[in-house]
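Below, all heavy atoms of this structure are taken into account, side chains as well, without hydrogens, waters or symmetry copies.
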Amino acid sequence: MLGGFAYAETTVNLSYNGAPDPDKNAVHVFATNLKELVEDKTDGEIQLKLYPNSMLGEEDARMEQVISTPSLNIASFAGISPLMPEVYVSAIPFLFEDFDAARTFFDEGQYWSEVENALRERTGAELLAVVEEGGFLAFTNDERPIHSPTDFEGLRFRAMDPSQVALYEAFGASGTPIPWTEVYMALRTGVADGQMNPPMYIILGSLYEVQDYLTLANIQYSDQFLVGNGEMLASWDEQTRQAFLDAVAEANAMAREHNEAKVDERIAYLEEQGMEVIRPSQKDLEAFREQGQPAYLEWLEQQGIEQRWIDMALEDAGMTHLMQ
């Protein structure tokens, strides 16, 4: 036993973003499946207590908790990137053709294995799973249909972080960082013309009320990260730890299946709400890729991220032609 965390029955807090609504929050689907499976596979030895809606604090506070106390946290890029900026490499635009390619990259690739090792070395925390949060990012706006990069000219977009600003600028638009809680109002009042998110978030934020056009460009794979306190995991006996890890893998497989099955349904719902859905041609997707990727790679370089991380990721994704 390490750190005094192990006893007959352990209650572990699991915190995450978003509402406890399975129809609108894919992360909640994963969390509820994990709770059930962990309790089942450990014969009740480990009980998970769920804290949705960032109840235990914002991203940075929750990462501090999971590093210093026996707990679990599902972090977004905002939580992981201050400790592990190399995680931005996994968000190179148009890196994955489809779900299978993205899952193989995270489950089997050398780059992600190195990210796990580096986070463990820097913080003691364990990266346990890459959790899908609703598919691939799509562009929305209320000015005009976007079929190709040239359609972006002069538009103002809400950005989640500086990497998205770089992407919009590559297409001839401008990007302004706006917190998620203010996105609806920013779009409604014209502070921004558009934004990008997976269809799930467009529904979650009722953005279809203030956006007319939805462009399915499969820009980036939308994911969050299950992080566990390393000392806590080390304190469990081998059998308990293995049962827990089996539960994580099974919950993730179930959540992925659920998420992928919902994608078309969500797009159809947005169409019913009056959004015009644009599916860019292969030629237009290629144009997005050709303009978006170099700009993003340049941004990564400006962040001081070592080239070896980028090379590993591009190799894992089968995109060695982009390597320097």
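Closest heavy-atom contact between R62 and S54: NH1-OG, 3.4 Å. Here the closest heavy-atom approach between residue P85 and residue I305 is recorded as O-CD1, 3.4 Å.
Side chain of S71 to backbone of T69: a donor-acceptor contact under 3.5 angstrom is found. Judged by distance alone, with hydrogens and angles left aside, the side-chain atoms of D21 form a donor-acceptor pair with the main-chain N or O of D23 at under 3.5 Å. One N or O on the side chain of N25 and one on the backbone of N17 form a donor-acceptor pair closer than 3.5 Å. A donor-acceptor pair is defined here as one N or O able to donate and one able to accept, closer than 3.5 Å; such a pair exists between the side chain of R158 and the backbone of I178. Judged by distance alone, with hydrogens and angles left aside, the side-chain atoms of D43 form no donor-acceptor pair with the main-chain N or O of E45 at under 3.5 Å. Put simply, the side chain of N33 never gets that close to the backbone of F30: no donor and acceptor are under 3.5 Å apart. In terms of modelled atom types and a separation under 3.5 Å, the side chain of T215 and the main chain of A217 share no donor-acceptor contact. D264 places no side-chain N or O within donor-acceptor distance of the main-chain N or O of I267, the cut-off being under 3.5 Å.
A 4.5 Å side-chain heavy-atom check between L204 and Y201 finds at least one atom pair inside the cut-off. With a 4.5 Å cut-off on side-chain heavy atoms, D40 and K35 do not count as touching. Under the 4.5 Å side-chain criterion, counting only non-hydrogen atoms from C-beta, M63 is in contact with L83. Counting heavy atoms from C-beta outward, Q293 and Q291 have side chains that stay 4.5 Å or more apart. In this structure, I74 and L14 have side chains that are in contact, with non-hydrogen atoms separated by less than 4.5 Å. Put simply, the side chain of Q242 reaches to within 4.5 Å of the side chain of D246, judged on heavy atoms. No side-chain heavy atom of E133 sits less than 4.5 Å from a side-chain heavy atom of N197. Contact check for Y168 versus M196: side-chain heavy atoms found under the 4.5 Å cut-off.
Separation of the W236 and F244 ring centroids falls under the 6.0 Å cut-off. Between F99 and F136, the distance from one ring center to the other falls under 6.0 angstrom. In this structure, F77 has its ring center under 6.0 Å from that of F225. Separation of the F157 and F171 ring centroids does not fall under the 6.0 Å cut-off. Annotation: F96 is in aromatic contact with F105 [ring centroid separation under 6.0 Å]. Between Y208 and Y269, a ring centre-to-centre spacing shorter than 6.0 Å is recorded.
The aromatic rings of F152 and F139 stand perpendicular to each other, their planes meeting at an angle above 60°, with 30° marking the opposite boundary.
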message: As a quick check of understanding, evaluate side chain to side chain contact (heavy atoms under 4.5 Å, CB included) for L128 and L233, giving each step before the final call.
response: CA-CA 11 Å; L128 299 166; L233 291 162; 4.0 Å; yes
- Item | side chain to side chain contact (heavy atoms under 4.5 Å, CB included) assessment of V38 paired with V12 | CA-CA 11 Å; V38 165; V12 178; over 6 Å; no
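Using a 4.0 Å cut-off between charged side-chain N and carboxylate O, E260 and R103 make a salt bridge. Remark: E250 engages K41 in a salt bridge, criterion side-chain N to carboxylate O under 4.0 Å. Between R256 and D107, at least one side-chain N (NZ, or NE/NH1/NH2) sits under 4.0 Å from a carboxylate O, which counts as a salt bridge. We find that R122 and E86 are joined by a salt bridge, their nearest charged nitrogen and carboxylate oxygen being less than 4.0 Å apart. We find that K283 and E286 are not joined by a salt bridge, their nearest charged nitrogen and carboxylate oxygen being 4.0 Å or further apart. A salt bridge is absent between R120 and E231; no separation between the charged side-chain nitrogens and carboxylate oxygens falls under 4.0 Å.
By the rule that hydrophobic residues join a cluster once side-chain heavy atoms approach within less than 4.5 Å of another member, L56 and V227 end up as members of separate clusters. Hydrophobic clustering places I202 together with Y221 (ILVMFWY residues linked when any side-chain heavy atoms are closer than 4.5 Å, directly or through intermediates).
With sequence neighbours left out, V165 forms a side-chain contact (heavy atoms from CB on, under 4.5 Å) with A159, E169, P177.
Between the CE atom in M275 and the CG atom in D212 there is a gap of 7.0 Å [rounded to 0.5 Å]. Note that the OG atom of S174 and the CG atom of L155 stand 8.0 Å from one another [nearest 0.5 Å]. Note that the CG atom of N218 and the CG atom of L95 stand 12.0 Å from one another [nearest 0.5 Å]. The OG atom of S90 lies 11.5 Å from the CG atom of D316; values are rounded to the nearest 0.5 Å.
Legend: ring-ring contact (aromatic ring centres under 6.0 Å, His included) pairs involving residues 298-318, not counting sequence neighbours, sorted by first then second residue: Y88-W299, Y296-W299.
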